Amino acid sequence: MQYSNVYIDAFGYELPPNVISSQDIEDRLEPLYKQLHIRKGQLEAITGIYERRFWDAGCKVSEGASAAGRKALDAASVSPQDIGMLIYCGVCRDNLEPATACSVAQALGLGPETQIYDVSNACLGVLNGMIQVANAIEMGQIRAGLVVSCETAREVVDVTIDRLLQTRDMGLFKDTIATLTGGAGAVGVVLTHASVADRGHRLLGGTMRNSVEHHRLCLWGPDAGRCVDGIHVMKTDSVGVLKNGVTLGVETFRAFRAEMGWPDNRPDKIICHQVGAAHQKTIMDSIGLPRDKDFTTYQFLGNIGTVSLPITAAIAEEREFFLRGDQVGFFGIGSGLNCMMLGIEW
C-alpha cells in the first residue's frame, strides 16, 4: 500500500478538563484493596500511568470531536467547504444511529456534497479512517478529507469501580485493570491532495496484518450493542493481549519495513498506540528499535483508544520531537487483533 499524492495537512486535538490520578481511583477502591491486601500505588506501578483526563459528565463525544475537528481545520490549508469526506472513527459514539459524523459535520458547517459516515475498528479506527480518506484522495474522488474521533472513559471506569466494590473479587480486578487505565480525548486530522497543499507531512504508505483468532481477548459492551443506557462491561486479558499483540506487531513491522523499502536504521521516529509501560518496552525490544525513537504520552493521558496515537503525534510535533524530513512510523494496534503501520515523511 503506497501513496504518491497524499499529505497529512494538520492535526487538532482537545483534552478534557478533569484530571484523574491513579491515586484518585485507588482511593475509591480502598475497601477492595483492604480486603484483597493490595497496597496502593499498584495501578501506576503496573501501568506507568499516573493520571488521565475525563470529560464533564454528560458531555457528548460529538462535542469533543467537533472541537478537535475545528482546531484541525483552523490549522489546515483548506476551508470546511473543501472537505469532501468526513469520517468519525471513535469506539464511543453518541448513538447507534445516526452516524456521529453527522453531528460533527453540522457543527463544522461542511457542505452538502461531503461524504459523511462512521468507521469503527476498536483502537485502530483513526488509522483506518485516514487510509479511507487517503484512498479517495489518491483516486481523485476528493481533494481533502477530515478524520475525527472522541473517546470517553468516565462511564466505564465508574461502572467498573462499582462492580469491583460490590464483588471484591481478585479475578475481576485482574480482568479490569486495563479498563482503569482508560482516559479521554478528541482529535481531528486533515488530509489533502498534493495539488491543494503540500506543506504538511507526506503519507508514503503502509501495511496491515490481523490475527482474528484472538478477537475475544478484549471485550466491551453488552453483546448486542444496545449500549446507550445499558450496563457497560469491559474486560481484558492483559497478558494475552500483550503476548499476541507483540507477535502480530513484529510480523507487521517486518512487512512494513519491506513495503517502505527502509533500511535497518529506519524509521527515524515512531508513534505507537499508547497502552502502558510494559507494552511500550516489550514492543520496542521485540522489533529492535531503541526506546528513544518512540514519543509517549500514556503516563499523563492513559489509554485513550483511537485518539491515543494521533494526539501523541500532535503533541510530539509541538515539542519538536520530529525533524523535517524524518521518516516516521505510526504503529497502531486494536482489539481483534488488528495491526496497521503507516510511513510518513515529516
Side-chain angles (χ1 to χ4, degrees), residues 6-15 19 47-53 68 71-72 74-77 123-124 126-127 130 147 149 151 181 183-192 197-206 249 252-253 256-257 260 262-333 339-346:
V6 181
Y7 278 77
I8 299 173
D9 190 84
F11 293 96
Y13 67 90
E14 185 79 5
L15 297 180
V19 177
T47 65
I49 296 168
Y50 59 84
E51 68 183 26
R52 73 285 287 145
R53 288 166 174 262
K71 287 183 176 179
D74 288 345
S77 307
C123 292
L124 206 58
V126 166
L127 294 192
M130 289 173 62
V147 177
S149 184
E151 303 292 8
T181 69
V187 75
V189 186
V190 176
L191 296 103
T192 56
D198 60 0
R199 68 172 191 175
H201 318 297
R202 192 159 75 90
L203 178 60
L204 303 172
T252 310
F253 181 64
F256 169 72
R257 184 176 264 166
M260 292 294 100
W262 284 351
D264 290 344
N265 64 340
R266 293 286 175 84
D268 300 305
K269 311 278 176 57
I270 66 170
I271 304 293
C272 283
H273 174 54
Q274 309 283 302
V275 175
H279 186 278
Q280 194 242 357
K281 177 181 184 303
T282 306
I283 189 67
M284 294 300 289
D285 291 347
S286 299
I287 63 178
L289 292 178
R291 264 177 272 173
D292 61 3
K293 285 194 173 191
D294 182 32
F295 188 88
T296 61
T297 58
Y298 63 80
Q299 300 92 334
F300 55 93
L301 294 180
N303 181 351
I304 41 179
T306 59
V307 303
S308 282
L309 192 156
I311 285 181
T312 301
I315 293 175
E317 182 174 37
E318 290 172 352
R319 299 185 182 182
E320 301 181 341
F321 175 71
F322 302 120
L323 301 176
R324 186 173 179 81
D326 272 349
Q327 306 292 305
V328 176
F330 280 7
F331 293 180
I333 190 162
C339 187
M340 178 184 291
M341 296 185 178
L342 302 181
I344 296 128
E345 183 178 83
W346 212 257

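Numbering of residues begins at 1 and proceeds along the displayed sequence. These numbers come from a predicted model, not from an experiment.
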Quiz prompt | side chain to side chain donor-acceptor pair (under 3.5 Å) involving Lys293 - partner list, sequence neighbours excluded | solution = none
Quiz item: Considering all heavy atoms of both residues, which atom of Met340 and which atom of Leu127 are nearest to each other, and what is their separation?
Solution: SD-CB, 3.7 Å
Self-check item: Residue list, salt bridge (Lys or Arg N to Asp or Glu O under 4.0 Å) with Asp268, at least two apart or on another chain
Solution: Arg266
Quiz item: Side chains of Leu323 and Lys269: does their closest heavy-atom pair fall under 4.5 Å?
Solution: yes
Quiz item: At what distance, to the nearest 0.5 angstrom, does CG of Leu342 lie from CD1 of Ile8?
Solution: 7.5 Å
Self-check item: From CD (Gln280) to CD (Gln274), nearest 0.5 Å
Solution: 7.5 Å
Quiz item: Can you list every ring-ring contact (aromatic ring centres under 6.0 Å, His included) pair that touches residues 280-313, not counting sequence neighbours?
Solution: Phe295-Phe321
Quiz item: Which is it for Asp264 and Arg257 under the side-chain contact (heavy atoms from CB on, under 4.5 Å) test, yes or no, and what are the steps along the way?
Solution: CA-CA 8 Å; Asp264 290 344; Arg257 184 176 264 166; 3.9 Å; yes
Exercise. Just say parallel, tilted or perpendicular for the rings of Trp346 and Phe322, cut-offs at 30° and 60°.
Key: tilted
Quiz item: Do Leu289 and Phe253 come close enough that some side-chain heavy atom pair is under 4.5 Å?
Solution: yes
Practice problem: Specify the closest pair of heavy atoms between Gly325 and Glu345, including all atoms of both residues, with the distance to one decimal. | Solution: O-CG, 4.4 Å
Practice problem: Could you tell me which non-hydrogen atom of Gly249 sits nearest to which non-hydrogen atom of Cys339, and how far apart they are? | Solution: CA-SG, 4.2 Å
Please list every donor-acceptor pair under 3.5 Å in which a side-chain atom of residues 303-314 meets a protein atom from a residue at least two apart or in another chain.
residue : atom : partner : partner atom : Å
Asn303  : OD1  : Gly305  : N            : 3.0
Thr306  : OG1  : Ser149  : OG           : 2.6
Thr306  : OG1  : Glu151  : OE2          : 2.6
Ser308  : OG   : Ile304  : N            : 2.8
Ser308  : OG   : Gly305  : N            : 3.4
Thr312  : OG1  : Thr297  : OG1          : 2.7
Thr312  : OG1  : Ser308  : O            : 2.6

Self-check item: Residue pair Phe331 / Pro267: nearest heavy atoms and the distance that separates them
Solution: CZ-CG, 4.4 Å
Quiz item: Which atoms form the tightest heavy-atom contact between Ala72 and Gly188, and what is the distance?
Solution: CB-O, 3.6 Å
Self-check item: Flag side-chain contact, heavy atom, 4.5 Å: His201 against Glu317
Solution: yes
Quiz item: Is any side-chain heavy atom of Leu204 less than 4.5 Å from a side-chain heavy atom of Trp262?
Solution: yes
Quiz prompt | Check: Ile315 and Leu301 side chains under 4.5 Å, non-hydrogen atoms | solution = yes
Exercise. Could you check Met284 against Ile270 for side-chain contact (heavy atoms from CB on, under 4.5 Å), going step by step and ending with a plain yes or no?
Key: CA-CA 10 Å; Met284 294 300 289; Ile270 66 170; 3.4 Å; yes
Quiz item: With Glu320, which residues qualify under side chain to side chain donor-acceptor pair (under 3.5 Å), at least two apart?
Solution: none
Quiz prompt | Where Ile49 and Thr181 come nearest, the two heavy atoms and their spacing | solution = CD1-CB, 3.5 Å
Quiz item: Under the side chain to side chain donor-acceptor pair (under 3.5 Å) test, which residues partner Glu51, sequence neighbours left out?
Solution: none
Exercise. To the nearest 0.5 angstrom, please state how far the CG atom of Leu191 sits from the OH atom of Tyr7.
Key: 12.5 Å
